[in-house]
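Read through the structure below, which is laid out as structure tokens, and then see the notes.
A note on names: the letters A, B, ... follow the listed sequences, proteins ahead of strands, and every chain is numbered from 1.
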There are 2 protein chains.
Amino acid sequence: MTQLQRRKIPDAAIARLPIYLQILNNLAATNVLRFSSDELAALAGVNAAKVRKDLSYLGSYGTRGVGYEVTYLIHQIKRELGLMREWNVVVVGAGNLGCALAKFDGFLSRGFPVVGIVDNDPKKIGRTTSSLTVGDVGDLKNIVRDEKVNIGVITTSSPAAQSAADALIEAGITSILNFAPVVLSTPSSVSVRNVDLGVELQILSYYEQMRIENGSKAQSAPQLNSVGA
Amino acid sequence: MTQLQRRKIPDAAIARLPIYLQILNNLAATNVLRFSSDELAALAGVNAAKVRKDLSYLGSYGTRGVGYEVTYLIHQIKRELGLMREWNVVVVGAGNLGCALAKFDGFLSRGFPVVGIVDNDPKKIGRTTSSLTVGDVGDLKNIVRDEKVNIGVITTSSPAAQSAADALIEAGITSILNFAPVVLSTPSSVSVRNVDLGVELQILSYYEQMRIENGSKAQSAPQLNSVGA
DNA sequence: TCAACTTTGTGAATTAATGCACTAAGCCCT
DNA sequence: AGGGCTTAGTGCATTAATTCACAAAGTTGA
């Protein structure tokens, strides 16, 4: 294998590419053909040099004096992020949130079809929600194999989250989106992103309190979150 | 005002304090009295030196050779994050997600009671969801004043999100949690945290693709997210 | 054809975050 | 009372991320 190892893009830049992509999709929808780093920076609320540097990690796709082509850049960002294909998702935990996500069309529309939902509660297994029937968490391995699942979403209660993660990993999943407010213990070969609303509110609380204490001289919260592994 | 400006804690540390807090609450619930930086580091999945540095921003509350007291540290973290009081929340957008959040008890249990929910759709206004009646977005200013709202949560569609933000800001809100996949334009005096599931999935997609391309030698996704302002 | 203008791409400086490694401090046991 | 052990606190080196500022490259118009 003399194949070139993929150029390493900084994590911080990777986290911004989806935001650029979303903005460019909006531009494309309004028939904008080109954009400059200044324009995208204004729309994304970041520094223009940062935009140029981020885009430069994809390759040299701009034209000096002109800017970047919307559709071409969309293509390049999608290629880099691995969005030229679909990634199948299974939801573990068929509670309020899990069911809401299973029927949420934002997943499918962005290329992440939810192909299964499971639970460990016999009362929930067998129920149908938006064309999916809740399966048994014990069948996860079969579901992952048969449905070619790539990503697991955990929407269980906190106490059940770790065993849900264990089951997903046992089934061969290497990417997890975790909504339970716990720190999952996983091998380093597995990617975990945490979404914890309580954490977000508590961060806001800090900056809000600071504004109150220091008058309004205080800084605001940074707009990127961090989800610890 | 010769009052000392509050010690500046790095943003990265602020984003970790809620995670420590959650772990310490679990320890307290199992009657653990003390912990060392090593133990908390293992539970939080971070470096022990980082834990010590983060906690040192709160003050010098550990005892060398012994560790930290669970309940005392909980108190200190809550004080620093502004969690000694409740912060009232209003939800803008009474769709699936908005209603789910309004009845989500994780908000209340962490000190963020949802005191109101509004929409601009006459068909939704007047409906009742878990002890709350959906109000008119036009009444936001009154609701914010009467209910002493501190934080606004945006769960509208993407096109409506900016005007929801404008309405919240007009009503005097300075902290916003945004679920719509758009970059809000807000004055720098307002704190915005974005939660975008599509972005999270796309970040996972990148690292998943990298694992496929480079064998499993590839790195995993960082576990902290970033939500740009 | 060339000068003026625009905008990318990037080296280099700066700032922020991380993690090592050591010192300081307190406990415990003999 | 004192030596050995443990662990907090932190200065410093390293790494990562951001931002500046400018050269390179292309466009446009005269």
Side-chain angles (χ1 to χ4, degrees), chain A residues 7-17 19-20 24 32-70 72-73 76-77 188 203 219-229, chain B residues 7-17 19-20 24 32-70 72-73 76-77 188 203 219-229:
Chain A
R7 176 184 31 247
K8 161 79 172 124
I9 301 184
D11 291 334
I14 290 298
R16 282 186 296 267
L17 288 179
I19 296 167
Y20 300 153
L24 294 185
V32 175
L33 298 180
R34 275 198 243 279
F35 66 97
S36 68
S37 59
D38 269 338
E39 289 162 350
L40 179 53
L43 292 170
V46 302
N47 182 291
K50 193 188 280 183
V51 167
R52 290 198 295 276
K53 192 151 281 189
D54 287 346
L55 296 184
S56 77
Y57 295 126
L58 306 175
S60 231
Y61 298 131
T63 307
R64 296 177 191 219
V66 178
Y68 305 84
E69 242 190 89
V70 173
Y72 192 63
L73 248 289
Q76 292 302 332
I77 293 176
S188 67
I203 293 171
Q219 62 173 354
S220 286
Q223 284 196 6
L224 280 196
N225 342 339
S226 241
V227 177
Chain B
R7 175 183 34 246
K8 160 80 174 127
I9 301 183
D11 291 333
I14 290 297
R16 282 187 296 268
L17 289 178
I19 296 167
Y20 300 153
L24 295 184
V32 175
L33 297 180
R34 274 198 245 279
F35 67 98
S36 68
S37 60
D38 270 338
E39 290 163 348
L40 179 52
L43 292 170
V46 301
N47 182 290
K50 194 187 279 183
V51 167
R52 289 197 295 277
K53 195 156 281 191
D54 287 346
L55 296 184
S56 79
Y57 296 125
L58 306 174
S60 230
Y61 298 132
T63 306
R64 296 177 192 220
V66 178
Y68 304 85
E69 243 191 272
V70 173
Y72 192 61
L73 248 289
Q76 292 302 331
I77 293 177
S188 67
I203 292 170
Q219 62 172 353
S220 287
Q223 282 196 7
L224 281 194
N225 342 339
S226 244
V227 178

Residue [X], side-chain heavy atoms: nucleotide from [options] that is nearest:
| X | options | result |
| --- | --- | --- |
| A:S36 | C:dT7, C:dT18, D:dT19 | C:dT7 |
| A:A12 | C:dT18, D:dA17, D:dT19 | D:dA17 |
| A:A49 | D:dC20, C:dG9, C:dT18 | D:dC20 |
| B:D11 | D:dA17, C:dA17, D:dT27 | C:dA17 |
| A:R52 | D:dT10, D:dC20, C:dT8 | C:dT8 |
| A:S37 | C:dG9, C:dT18, C:dT8 | C:dT8 |

query = When we call it a touch if two heavy atoms are under 4.0 Å apart, what does A:G65 touch: a base, just sugar-phosphate, or nothing?
reply = base

Euclidean distance, atom [atom1] of residue [X] to atom [atom2] of [N] [Å, nearest integer]:
| X | N | atom1 | atom2 | value |
| --- | --- | --- | --- | --- |
| A:K50 | C:dT8 | NZ | P | 17 Å |
| B:N47 | D:dA8 | CG | C1' | 14 Å |
| A:E69 | D:dG26 | CD | P | 15 Å |
| A:Q76 | C:dT8 | CD | P | 16 Å |
| B:I9 | C:dA16 | CD1 | P | 15 Å |
| B:L58 | D:dG9 | CG | C1' | 13 Å |
| A:R64 | D:dA21 | CZ | P | 19 Å |
| A:L17 | D:dA17 | CG | P | 13 Å |

task = Among A:Y68, A:F35, A:Y72, find the residue that satisfies the ring pair (Phe, Tyr, Trp, His ring centres under 6.0 Å) test when tested with A:Y61.
result = A:Y72

request  = Taking only the side-chain nitrogens and oxygens of B:T63, find out if one of them lies under 4.0 Å from OP1 or OP2 of D:dA8.
outcome  = no

request  = Would you tell me if any nitrogen or oxygen in the side chain of A:S56 comes within less than 4.0 Å of OP1 or OP2 on C:dG9?
outcome  = no

[atom1]/[X] to [atom2]/[Y] distance, rounded to the nearest 0.5 angstrom?
| X | Y | atom1 | atom2 | result |
| --- | --- | --- | --- | --- |
| B:D38 | B:R52 | CG | CZ | 7.0 Å |
| A:L40 | A:L73 | CG | CG | 8.5 Å |
| B:L24 | B:Q76 | CG | CD | 12.0 Å |

query = What's the shortest heavy-atom distance between A:Y20 and A:I77, and which atoms?
reply = CB-CD1, 4.1 Å

task = Specify the residue among A:Y68 and A:K53 whose closest nucleotide of DNA chain C lies further upstream toward the 5′ end.
result = A:Y68

message = I want to confirm an ordering. Mapping A:V66 and A:V46 to their closest nucleotides on DNA chain D, which one lands closer to the 5' end?
response = A:V46

